[in-house]
Number of protein chains: 2
Amino acid sequence: MVRNYVGRSLPRIVSQSTGFLLSWVAGDAKHRFEAALGEAGMTAHQLGVLTALRGGPQMQARLSEQLEVFKPVMVTLINELEAAGWAERRPHPTDRRAVEVHLLPAGRQMLERADRIMQTTTEEMFSSLTPEERAQLHSVLLRLAGPIAPEEPAS
Amino acid sequence: MVRNYVGRSLPRIVSQSTGFLLSWVAGDAKHRFEAALGEAGMTAHQLGVLTALRGGPQMQARLSEQLEVFKPVMVTLINELEAAGWAERRPHPTDRRAVEVHLLPAGRQMLERADRIMQTTTEEMFSSLTPEERAQLHSVLLRLAGPIAPEEPAS
DNA sequence: TATTGTTATACTCTATAACTATA
DNA sequence: TATAGTTATAGAGTATAACAATA
């Protein structure tokens, strides 16, 4: 309970509570995804922003809102994306205060690579389950997760 | 992906990946447990230590190891437990460097209260599942979690 | 007066170092 | 030389404040 239990084997206490098990497995999943993305030189935060840009350029303020990231954090993230050549700031056509963040070709490639990474990692994670078990897990989690937010309108 | 998605409704992207769903549901679970414990004036960290003391007094160093908490953090945690009257430090019978941390009656009561809280919260969380679904979820998560650590020998 | 993007700052958590008193 | 407990310190990560430019 106390911390991350970085060790590779599941503490016995955790194995007895479905809630703790959930946290344990999710922590493991997070670690796997971040490690896999890290090998491609990308953080989960950066992927989040790139994903939000898939549908077209966005103002920084919208990105902050959508991803629920504080504005100063978004500044840093977009600096990183620009440094990597994955996205760039351009002046907003009508609002001179704002910048639009545009996805660059290298960023789109990175997104495709990230898609493959996420898919592979997911496959590894759930390989011990049958397709039926996996489908049932998904539907059960969906029910536990509660209502789904309405679709975001594009820029 | 990026951060905590503090909002109460599930972003659409998350709903499509079993891995993300897992993280989402686990985050929600963590929030529920911590809120419920908080109402009883207890943190999850503190509960972790109290639970470790259930089987008998422990040296601080062992507690740090078992719970994978850094030594300075354990100092703070045990200070908190002493301030709350739930546990106390006593000199180790043979090793004059060490202290033994003992569970006090108020701590044992708190543990029982925490047990009830955890049980109630678990019940709330999984109330939308049938007993069969819940059992299958548990067994599937157990498989995803991997090997279970061997029992800790008592102090 | 409100909003955009930025810089500066504070606060919490996590992690390490350094120290004493023993073993 | 190593270990137990403590204090001090460093570093991320997270959150807020304040500011200039513009709406």
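Here is how names work: the chains are called A, B, and so on, in the same order as the sequence lines, proteins then strands, and each is numbered from 1.
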*asked:* If you compare all heavy atoms of S23(A) against all heavy atoms of A26(B), which two are closest, and at what distance to 0.1 Å?
replied: CA-CB, 4.1 Å
*Taking CD from E65(B) and P from dT3(D), how many angstroms apart are they, rounded to a whole number?*
10 Å
*Under 4.0 Å between a side-chain N/O of R89(B) and OP1 or OP2 of dT6(D), yes or no?*
yes
*Nearest-angstrom distance from the residue atom CD of E34(A) to C1' of dG13(D)*: 13 Å
*Send over the distance from E68(A) CD to dT14(D) C1', rounded to a whole Å.*
14 Å
*How about Q46(A) and L77(A): do any of their side-chain heavy atoms sit closer than 4.5 Å?*
yes
_Under 3.5 Å donor-acceptor, E82(A) side chain and R89(A) backbone_ = yes
*Would you mind reading off the distance between L63(B) atom CG and dA4(D) atom C1', rounded to a whole angstrom?*
12 Å
*In whole angstroms, how far is the P atom of dA4(D) from the NE2 atom of H92(B)?*
10 Å
*Please state whether the phosphate of dT3(C), meaning OP1 or OP2, lies under 4.0 angstrom from any side-chain nitrogen or oxygen of Q60(A).*
no
*Mind jotting down which residue pairs meet the salt bridge (charged side-chain N to carboxylate O under 4.0 Å, His left out) criterion with at least one end in residues 122-146 of chain B? Sequence neighbours excluded, please.*
E133(A)-R143(B), R143(A)-E133(B), E123(B)-R134(B)
*Expressed in angstrom and rounded to an integer, what is the separation of L81(A) atom CG from dG5(C) atom C1'?*
16 Å
*Hey, is NE2 on H31(A) packed in by over 12 heavy atoms from elsewhere, all under 6.0 Å?*
no
_Between dA12(D) (P) and H45(A) (NE2): distance, integer Å_ = 15 Å
Could you go over nucleotides 16-23 of chain C and give all protein N or O partners under 3.5 Å, atom names and distances?
unit_1  : atom_1 : unit_2 : atom_2 : d
dA23(C) : OP1    : R96(B) : N      : 3.0

*Is there side-chain contact between L137(B) and L21(A), with at least one heavy-atom pair below 4.5 Å?*
no
_Rounded to whole Å, please give me the gap between CG in L77(B) and P in dA15(C)._
14 Å
